[in-house]
A.B. asks: 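One structure is given below, represented as C-alpha cells, and several questions about it will come after.
Just so it is clear, the model here is predicted, and its values are computed rather than measured.
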Amino acid sequence: MNVVIVESAAKAKAINKYLGSGFKVIASFGHVRDLPSKDGSVEPANDFAMHWSSDDDRSRKVMREITEAVRKADKLILATDPDREGEAISWHILELLNEKKALKKGTPVERVTFNAVTKQSVLDAMKAPREIDAPLVEAYLARRALDYLVGFTLSPVLWRKLPGAASAGRVQSVVLRLICDRELEIEKFRTDEYWTILARLATAKAEEFEARLHAIDGGRLDRLAIKNEASASAIKAAVDGRAFEVVSVEKQARKRNPYAPFSTSTLQMDASRRLGFSAKQTMQVAQRLYEGVDLDGETVGLITYMRTDGVTIIPEAIAQIRRQIESDFGRRYVAPFIRDYKAKAKNAQEAHEAIRPTDVTRRPQDVTRYLDRDQARLYELIWKRAVASQMASADVEQTTADIDVKGADGKRYGFRATGSVIQFDGFLKLYEEGRDDRQRAIEKGKEDKSGDEDDQSRLPALSGGERLTPRTIDTNQHFTQPPARFTESSIVKRMEELGIGRPSTYASTMGTLVDRKYVRMEKKQIVPEDKGRLVTAFLERFFSRYVEYDFTASLEEKLDLISDHKLAWKEVLREFWREFMEAVEGTKELKVSEVLDALNDLLGPHIFPDKGDGSNPRTCPKCGIGTLSLKISRGNGAFVGCSNYASETSPCRYTRQLSQSGDGPDSGLVDGRVLGVDPTSGEEVTIRTGRFGTYLQLGEAKSKDEKPKRSSLPKGWDPATIDIERALMLLNLPREVGPHPEDGEMINAGLGRYGPYVQHGKRYANVESIEDVFTIGINRAVTVLAEKAAGKGGRFGRGQAQRDVLKDLGEHPEFGGKMEILNGRYGPYISHNKVFANVPRGKEPAEVTSAEAVLLLAERAAKGPSKGKPKKTSGGKPKAAADKTDAAPAPRKAAAKSAPKKKAGTRSAPKKDAAE
C-alpha cells in the first residue's frame with residue numbers, strides 16, 4: 001500500500017478515485033505544527049533554533065492517522081501543494097515521522113506536485129517524483145522566523161510605549177503605512193477650480209458632434225488654465241456665433257492587445273472590480289474550484305493552482321485554447337502567433353503556471369449548474385481571461401479633428417474633437433478588464449475626461465477647410481480630485497508593484513489590519529482608523545527603516561534568493577536581527593511623553609486641522625488657555641485632551657476623540673453645543689465628544705462626587721442633526737413600560753452595554769432596535785420576556801428556542817447537518833454541529849454562500865477550541881483564535897469559561913488556506 005499525503009479532504013477524495021485501491025490518500029488539513037504564540041519559539045542566540053508544536057487536537061489526530069498508515073506503507077508520497085507552503089507542510093510531516101521513527105528502513109519517500117486536480121495531471125505527477133526542495137523549505141523557515149521575531153519583539157514595544165496598540169508585523173505594518181500615507185495625501189490635498197469650454201458643432205449635413213477648447217493663439221491650454229467662471233464666460237462670448245473651420249483631420253489605426261492570463265494578484269484585483277469580491281473571498285472560492293467539484297459523479301478540479309505569480313501557460317493548454325477560439329468565434333479571432341507573457345510585478349517568481357481552466361472545453365455555461373453563484377462567476381472570469389489571452393488584438397481607428405475659430409476679441413481659439421471606432425473587436429468580443437477608480441470618477445462627472453484615450457464617440461466625416469456651425473457653447477465647472485483611497489483591488493496592485501509581501505499573503509494581511517481595528521472598510525474603500533495612524537506614526541518615527549517600502553521589498557528579494565539557493569537563510573536572519581535589535585534597544589529609555597510629543601508633530605494636520613481663521617488649532621476650545629495634545633489611556637488608547645487636564649488650580653476636563661476632520665460621524669461637530677433646556681430640571685442639554693465618542697449631557701457637575709447625567713448616542717444617530725426632543729428621550733432612559741401582569745413589578749426599557757433591552761427584575765431580553773425602547777408596550781414586552789425565559793439562553797440572548805436565523809445555508813456537503821447564519825450577541829455567525837464561525841467583517845449575511853460557509857467553518861475548526869472566553873474584535877465580534885499572519889497576537893486578556901468544543905469527527909480545511 002502506498003500512502004499519499006495531500007492537504008484537503010476534497011483533494012483526497014478526488015485523488016483516491018484517480019489512483020485506485022493500491023493507494024491510501026490522507027488529508028493533512030494544512031500545517032500539522034507551527035511556532036507557538038509565546039516567547040522563545042525562535043532563539044536568535046541559539047543559531048535561530050525554532051521550536052515547533054502541534055498543540056491542537058486536530059493536528060495530533062491527523063498525525064496519528066498518518067503515522068499509523070505510514071508504519072504499514074510500502075511507499076510515502078508527499079503530494080501537498082506546489083508552492084512554498086506546500087513544500088513546508090511536506091517537510092514538517094516528514095520531520096515528525098522521522099522523530100517518531102514511523103518509516104520502516106528503506107521505505108522510499110517521494111515528493112510529487114501537480115498544478116491541477118485532474119486525473120491526467122495527477123498520474124503524470126506520480127511518474128515524475130523528486131526529493132523535498134531544501135532551498136524552498138529554507139526560504140519558508142527564514143520567512144516564518146522573521147515574521148515571528150518582528151511580531152514578538154516589536155509588538156511589546158508598542159504596548160509599552162503606545163498603550164492601546166495591538167501589534168506590529170513585518171509586512172502588515174508596511175501595508176498600513178501605505179494606507180495611512182494615502183490618507184495624509186488626501187487630507188493635504190487642496191481642491192482647485194477649473195473650467196472647460198465645450199462647443200457643440202454641426203456639419204453642412206446637420207451631423208452634430210462635440211469639440212473641446214484646447215488652445216488659444218497657438219498656445220496649448222493645460223487642464224487648469226481657465227480658473228474661474230468669469231474667464232470661461234469671456235471665452236464663450238468671444239466664440240459664440242463665430243465661424244468654425246476644420247484645420248486638419250488625422251486618423252490613426254492602433255491595436256489593443258489582450259491581457260495576460262490571471263496570476264493570484266490580478267485575479268484578486270479583477271474579482272474585486274467586477275464581482276465585488278474581497279481578496280479573501282476570491283481565494284476561498286478559487287480554492288474550491290481548484291480542489292474539485294462534482295460533475296455527474298466525478299470530482300474534477302476546474303482551474304489550475306490559484307497561488308501563483310506566473311503568467312505563462314503550458315503549450316498543450318495554449319493549443320487547446322486556440323482550438324476553442326476558432327471553434328467558438330472563427331479563425332480570424334485566433335491570434336496570428338502564440339502570445340508569450342512575462343510578469344511585470346517586482347520580485348515575480350514564474351515557477352508556476354497562470355490560473356487557467358483545466359479543460360477549456362468546459363465552458364462557463366456548461367458547468368454553471370454544478371456550481372454555486374460565486375463559483376460560477378469566478379470560473380467565468382478565469383475562463384474568459386485565459387481564452388482572451390490568445391485571441392487577436394482589437395483594431396481601433398482613432399480620429400482627431402483640429403478646429404479653428406477667430407474670436408470677437410481677435411484671438412484665435414483652437415478646438416479639438418476626438419473619437420474612436422472599433423473596426424475589429426478581437427479579444428474585446430469576450431473580455432475587457434474591470435474599470436479603475438479614475439474611470440469611475442469620470443463616469444460620475446467628478447472629473448473631466450479630456451485626453452481619455454478610450455473615448456468611444458464616433459465623429460462624422462470631416463475634411464480640412466470645412467465650415468461648421470456652432471449649435472451651443474457650454475462652460476463647465478470642474479474641481480480637481482484628491483487621490484482615491486485604496487480599495488482591496490488597488491492596494492493589492494500597489495503591494496505587487498512595490499514587491500511587498502507575496503500574492504498568497506495579500507488577503508491575510510488585509511484581514512489582520514481589519515481585525516486589529518487599524519483600518520475599516522467603508523463603501524469598499526480602505527480607511528485608516530486613528531489607532532492605525534498612531535501606530536504608523538510611531539513606527540515611522542522610531543523604526544523608520546522597517547516600514548520603508550524599499551527595505552521591505554529588498555528583504556523579499558533576499559527571501560526569494562534563498563529559495564533559489566543563492567543565499568544562506570541563517571545569514572539573512574543574522575544580518576536582519578543585528579540591526580533590528582539595535583533599533584529596539586534605542587527605544588528602551590524612551591518616555592511615553594516623548595512619544596506623544598513626536599506624534600503631535602507627525603499627526604498635527606490630522607489631529608489638529610487648520611480652522612481657516614488664522615487661530616491656533618491647538619488652543620483648547622473650552623478654557624481658551626490650555627494646549628491640546630495627545631494623551632494615552634491604557635484601557636482605551638489615545639485621545640486628545642487639554643494640557644490643563646490635571647491642573648490643581650484651574651483644571652480643564654476637555655477631551656475628544658482624535659479625528660475632527662474628514663467624513664466621520666463626528667465631523668464638524670461643535671463640542672458643547674447646546675440643544676435646548678430640559679423643562680423638568682431647567683438645565684441645558686449639550687452634545688459633547690469624549691474619548692469614547694459622542695454623548696449627551698444634562699447640566700454640569702455640581703461637585704467632584706456628583707456627575708451629570710449622560711447618554712451615549714446610539715449607532716446610526718447623527719450628532720449633527722439630533723434635536724432636543726430626541727436627546728431628552730435618551731437622557732430619560734430607562735423608561736417605565738408598565739407593571740408585569742403576573743407580579744406587578746415594573747418592566748423597564750433601556751439602552752445597555754449589549755444594546756436595547758426590556759427588563760423585569762433580574763431578567764433582561766433584547767429588543768430589535770433603539771426605537772422599540774421608546775415605543776414598546778406592555779403586551780409586547782411581556783411576550784419578549786416570556787420568549788427569553790423559554791429559550792433559557794444567556795443574559796441577553798433569545799436562547800435556542802427563539803434563535804434569530806438570518807439565513808439557512810442548507811446541509812453541509814461533506815458531513816451533513818444543517819448550516820445556518822444566526823444573529824449572535826457580537827454579530828452574525830455561521831453554525832454547524834457546534835462549530836461556530838464569524839461572518840467576515842463587511843460581508844452581509846445574505847451574501848454568504850454555502851461554499852464560503854463550508855470554508856469558514858473548516859477554518860474555524862482547524863484552529864481548535866478556544867482557550868477561554870472568545871475575545872472581542874472590532875464591531876464587538878468574538879475573535880476565534882490568534883491570527884497566523886506576520887503579526888504577533890494582541891495582548892491577551894484573562895480567560896473566562898471555555899467556548900463550545902468542536903464536535904468529535906468534524907473535519908476542517910487546511911490551516912494554510914485559512915491563513916492565506
Side-chain angles (χ1 to χ4, degrees), residues 146-147 149-185 187-188 500 509 512-520 526-552 576 579-608 618 628-641 657-661 691 874 883 885-891:
L146 282 170
D147 291 343
L149 290 170
V150 171
F152 277 85
T153 306
L154 199 52
S155 294
V157 175
L158 276 177
W159 302 337
R160 288 192 301 269
K161 307 300 181 184
L162 197 63
S167 67
R170 182 178 64 87
V171 176
Q172 162 199 319
S173 299
V174 183
V175 177
L176 181 59
R177 183 193 164 190
L178 268 175
I179 295 165
C180 292
D181 283 356
R182 175 61 59 88
E183 196 71 13
L184 191 60
E185 283 183 68
E187 288 171 353
K188 288 182 175 180
I500 297 170
T509 299
T512 299
L513 292 177
V514 173
D515 287 343
R516 298 296 191 229
K517 296 176 73 171
Y518 285 163
V519 303
R520 70 180 186 275
I526 306 169
V527 183
E529 299 279 16
D530 286 330
K531 183 190 286 188
R533 299 190 71 162
L534 284 171
V535 169
T536 296
F538 175 84
L539 295 175
E540 282 193 79
R541 174 63 179 82
F542 301 106
F543 292 91
S544 59
R545 177 176 171 78
Y546 302 97
V547 288
E548 287 176 357
Y549 307 138
D550 289 346
F551 174 79
T552 306
F576 174 86
E579 297 174 353
F580 182 61
M581 281 309 295
E582 288 176 4
V584 172
E585 291 292 324
T587 65
K588 279 194 172 179
E589 304 301 320
L590 194 64
K591 296 178 181 178
V592 173
S593 59
E594 294 175 300
V595 172
L596 294 181
D597 287 343
L599 297 187
N600 278 330
D601 293 336
L602 284 169
L603 293 175
H606 171 62
I607 304 172
F608 314 111
R618 292 187 61 179
L628 297 183
S629 174
L630 274 172
K631 295 186 179 295
I632 293 291
S633 163
R634 189 162 293 276
N636 296 283
F639 64 97
V640 172
Q657 292 176 294
L658 263 62
S659 179
Q660 289 289 286
S661 62
R691 70 183 77 172
S874 63
D883 297 288
T885 59
D886 66 314

A.B. asks: Start with the C-alpha gap between Arg160 and Leu590, add the side-chain angles, then the distance that decides, and say whether side-chain contact (heavy atoms from CB on, under 4.5 Å) holds.
C.D. replies: CA-CA 10 Å; Arg160 288 192 301 269; Leu590 194 64; over 6 Å; no

A.B. asks: Side chains of Leu162 and Leu599: does their closest heavy-atom pair fall under 4.5 Å?
C.D. replies: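 Of all side-chain heavy-atom pairs linking Leu599 with Leu162, at least one is under 4.5 Å.
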
A.B. asks: Quick one: pull up CG in Asp597 and NZ in Lys591 and give me the separation to the nearest 0.5 Å.
C.D. replies: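 Interatomic distance, Asp597 CG to Lys591 NZ, rounded to 0.5 Å: 11.0 Å.
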
A.B. asks: What is the minimum heavy-atom distance between Asn600 and Leu630, and which atoms define it?
C.D. replies: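 Heavy-atom minimum between the residues: OD1-N, 3.1 Å.
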
A.B. asks: Nearest 0.5 Å please: distance from the CG atom of Leu596 over to the OG atom of Ser629.
C.D. replies: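 Result: 6.0 Å between the selected atoms.
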
A.B. asks: Any side-chain to backbone donor/acceptor pair from Arg177 onto Thr536? Under 3.5 Å, distance only.
C.D. replies: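 Flag not set: sc Arg177 to bb Thr536 has no pair under 3.5 Å.
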
A.B. asks: On a heavy-atom basis, which atom in Pro156 and which in Gly151 lie closest, and how many Å separate them?
C.D. replies: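 Closest approach of Pro156 to Gly151: CD-O, 4.0 Å.
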
A.B. asks: Look at the aromatic rings of Tyr546 and Phe551 and report parallel, tilted or perpendicular, splitting at 30° and 60°.
C.D. replies: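 Because their plane-to-plane angle is over 60°, the rings of Tyr546 and Phe551 count as perpendicular.
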
A.B. asks: With salt bridge (charged side-chain N to carboxylate O under 4.0 Å, His left out) as the criterion, how do Glu594 and Lys161 come out once you've worked through the C-alpha distance, each side chain's angles and the decisive distance to 0.1 Å?
C.D. replies: CA-CA 9 Å; Glu594 294 175 300; Lys161 307 300 181 184; over 6 Å; no

A.B. asks: What I want to find out is whether Glu579 reaches Arg545 closely enough, with some N-O distance under 4.0 Å, to be called a salt bridge.
C.D. replies: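 A salt bridge is present here (some side-chain N lies under 4.0 Å from a carboxylate O).
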
A.B. asks: Would you indicate whether the side-chain heavy atoms of Leu602 and Arg541 approach each other to under 4.5 Å?
C.D. replies: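 Yes. Closest side-chain heavy atoms under 4.5 Å.
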
A.B. asks: Counting C-beta onward and ignoring hydrogens, is there a side-chain heavy-atom pair between Cys180 and Leu176 closer than 4.5 Å?
C.D. replies: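 Side-chain contact under 4.5 Å: yes.
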
A.B. asks: State the CD-CZ distance between Glu540 and Arg533, to the nearest 0.5 angstrom.
C.D. replies: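 CZ of Arg533 is found 10.5 Å from CD of Glu540.
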
A.B. asks: Should Arg520 and Glu529 count as an ion pair when the cut-off is N to O under 4.0 Å?
C.D. replies: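 Looking at Glu529 together with Arg520, the answer is yes, because their closest N to O distance falls below 4.0 Å.
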
A.B. asks: Against the six-membered ring of Phe576, is Arg170 placed for a cation-pi contact (under 6.0 Å from the centre, within 45° of the normal)?
C.D. replies: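 Verdict for Phe576: no cation-pi partner in Arg170.
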
A.B. asks: With rounding to the nearest 0.5 Å, note down the distance linking OG1 in Thr153 to CG in Leu149.
C.D. replies: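 Reported to 0.5 Å precision, the distance equals 5.5 Å.
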
A.B. asks: Should Leu513 and Ile179 be marked as a side-chain contact (heavy atoms from CB on, under 4.5 Å) after you check the CA-CA gap, both sets of side-chain angles, and the distance that decides it?
C.D. replies: CA-CA 10 Å; Leu513 292 177; Ile179 295 165; 4.1 Å; yes

A.B. asks: Identify whether the distance between the nearest side-chain nitrogen and carboxylate oxygen of Glu185 and Arg182 falls below 4.0 Å.
C.D. replies: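 Yes, Glu185 and Arg182 are salt-bridged.
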
A.B. asks: Minimum heavy-atom separation for Gly169 and Val150, please, with both atom names.
C.D. replies: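 So the two residues come closest at C-CG1, 3.9 Å.
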
A.B. asks: So Phe580 and Leu154, side-chain contact (heavy atoms from CB on, under 4.5 Å) or not? Walk me through it.
C.D. replies: CA-CA 9 Å; Phe580 182 61; Leu154 199 52; 4.2 Å; yes

A.B. asks: Do the side chains of Val584 and Phe543 get nearer than 4.5 Å, heavy atoms only?
C.D. replies: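 A side-chain contact under 4.5 Å exists here.
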
A.B. asks: For Phe542 and Thr587, which heavy atoms make the closest approach, and how far apart are they?
C.D. replies: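 What the structure gives for the nearest pair is CB-CG2, 4.3 Å.
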
A.B. asks: To check you understand the geometry: which heavy-atom pair defines the closest contact between Asp181 and Tyr549, and what is its length?
C.D. replies: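 That would be OD2-OH, 2.8 Å.
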
A.B. asks: Please report the closest heavy-atom contact between His606 and Asp530, naming both atoms and the distance.
C.D. replies: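 What the structure gives for the nearest pair is NE2-OD1, 2.8 Å.
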
A.B. asks: Can you tell me if Thr552 uses its side chain to pair, donor with acceptor, with the backbone of Ile500 under 3.5 Å?
C.D. replies: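 Here the side-chain-to-backbone pair does not exist.
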
A.B. asks: Start with the C-alpha distance between Ser167 and Gln172, add both sets of side-chain angles, then the distance that settles side-chain contact (heavy atoms from CB on, under 4.5 Å), and finish with yes or no.
C.D. replies: CA-CA 9 Å; Ser167 67; Gln172 162 199 319; 3.6 Å; yes

